[in-house]
Colleague: 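Please see the structure below; I have some questions.
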Amino acid sequence: MKTKSNANAEKQRRFRERQKALGKKQVRGYITPEAKACYDELVEKTSWNDSEILSNALRLTYAAYRCGQIKLLNEWLKDHNR
């Protein structure tokens, strides 16, 4: 059992190193530099922490879904390169 857990930890370590080498940063998963710029912009404009950003993003997405506005939200995101 111990060798399997060591192998798993080694795989995870290599994965994290590959992601860092690609310029990605871990927030709640690995994100690209462009996504990190959007994340930083949100933090700067709202002063929200990571949990608040996730919670509000889910609320916004759900509200758009409930109002039948997912297509509109997606178009806005595309138009603004987000």
Side-chain angles (χ1 to χ4, degrees):
M1 271 318 247
K2 191 170 186 168
T3 57
K4 186 175 183 179
S5 64
N6 285 343
N8 225 8
E10 183 63 24
K11 283 182 184 177
Q12 291 174 0
R13 185 188 60 75
R14 287 193 311 263
F15 175 76
R16 288 190 300 270
E17 288 174 357
R18 280 195 311 272
Q19 297 305 308
K20 286 180 186 176
L22 292 171
K24 296 182 179 178
K25 181 176 181 349
Q26 184 175 12
V27 178
R28 284 190 182 258
Y30 287 93
I31 60 175
T32 63
E34 295 84 11
K36 178 67 172 118
C38 290
Y39 175 85
D40 291 338
E41 183 181 345
L42 271 172
V43 170
E44 182 183 311
K45 288 182 178 182
T46 63
S47 299
W48 292 340
N49 63 31
D50 189 51
S51 293
E52 291 169 326
I53 288 174
L54 179 63
S55 177
N56 289 329
L58 290 172
R59 288 177 185 185
L60 176 66
T61 304
Y62 182 70
Y65 164 75
R66 292 294 293 171
C67 296
Q69 300 296 317
I70 287 290
K71 184 177 179 184
L72 181 66
L73 177 60
N74 283 335
E75 287 175 4
W76 185 92
L77 291 170
K78 285 181 196 174
D79 291 346
H80 291 84
N81 296 322
R82 303 295 177 164

Colleague: In chain order, what residues pass the side-chain hydrogen bond (donor to acceptor under 3.5 Å, both in side chains) check against Glu17, with sequence neighbours excluded?
Modeller: Arg13
Colleague: Do Leu42 and Leu77 share a hydrophobic cluster (ILVMFWY, side-chain heavy atoms under 4.5 Å, transitive)?
Modeller: no
Colleague: If you link I, L, V, M, F, W and Y whenever their side-chain heavy atoms are under 4.5 Å apart, who else ends up in the same group as Leu22?
Modeller: none
Colleague: Output every pair passing salt bridge (charged side-chain N to carboxylate O under 4.0 Å, His left out) with a member in residues 51-63, not counting sequence neighbours, ordered by first then second residue.
Modeller: none
Colleague: Which pairs with one or both residues in residues 35-45 pass side-chain hydrogen bond (donor to acceptor under 3.5 Å, both in side chains), sequence neighbours excluded?
Modeller: Lys36-Asp40, Tyr39-Asp50, Glu41-Lys45, Glu41-Arg82
Colleague: Tell me the closest heavy-atom pair linking Pro33 and Gly23, and the distance in Å.
Modeller: CG-O, 3.4 Å
Colleague: First locate atom CG of Leu60, then atom OG of Ser55, and finally report the distance between them rounded to the nearest 0.5 Å.
Modeller: 11.0 Å
Colleague: Residues in side chain to side chain contact (heavy atoms under 4.5 Å, CB included) with Gln69, at least two apart?
Modeller: Ala64, Cys67, Leu72
Colleague: With sequence neighbours excluded, tell me which residues meet side-chain hydrogen bond (donor to acceptor under 3.5 Å, both in side chains) with Ser51.
Modeller: Arg28
Colleague: My understanding is that only residues two or more places apart in sequence, or in another chain, count here; which of them pass side chain to side chain contact (heavy atoms under 4.5 Å, CB included) with Thr32?
Modeller: Lys24, Glu34, Ala35
Colleague: Return the set of residues passing side chain to side chain contact (heavy atoms under 4.5 Å, CB included) with Arg66 (not counting sequence neighbours), or none when no residue passes.
Modeller: Tyr62
Colleague: Drop me the distance from Gln12's CD to Glu10's CD, to the nearest 0.5 angstrom.
Modeller: 10.5 Å
Colleague: Which atom names give the shortest non-hydrogen contact between Thr61 and Ile70, and what distance separates them?
Modeller: O-CD1, 3.7 Å
Colleague: Test of understanding: with side-chain hydrogen bond (donor to acceptor under 3.5 Å, both in side chains), list the residues that count as partners of Trp48, not counting sequence neighbours.
Modeller: none
Colleague: Can you name the residues that form a ring pair (Phe, Tyr, Trp, His ring centres under 6.0 Å) with Tyr65, not counting sequence neighbours?
Modeller: none
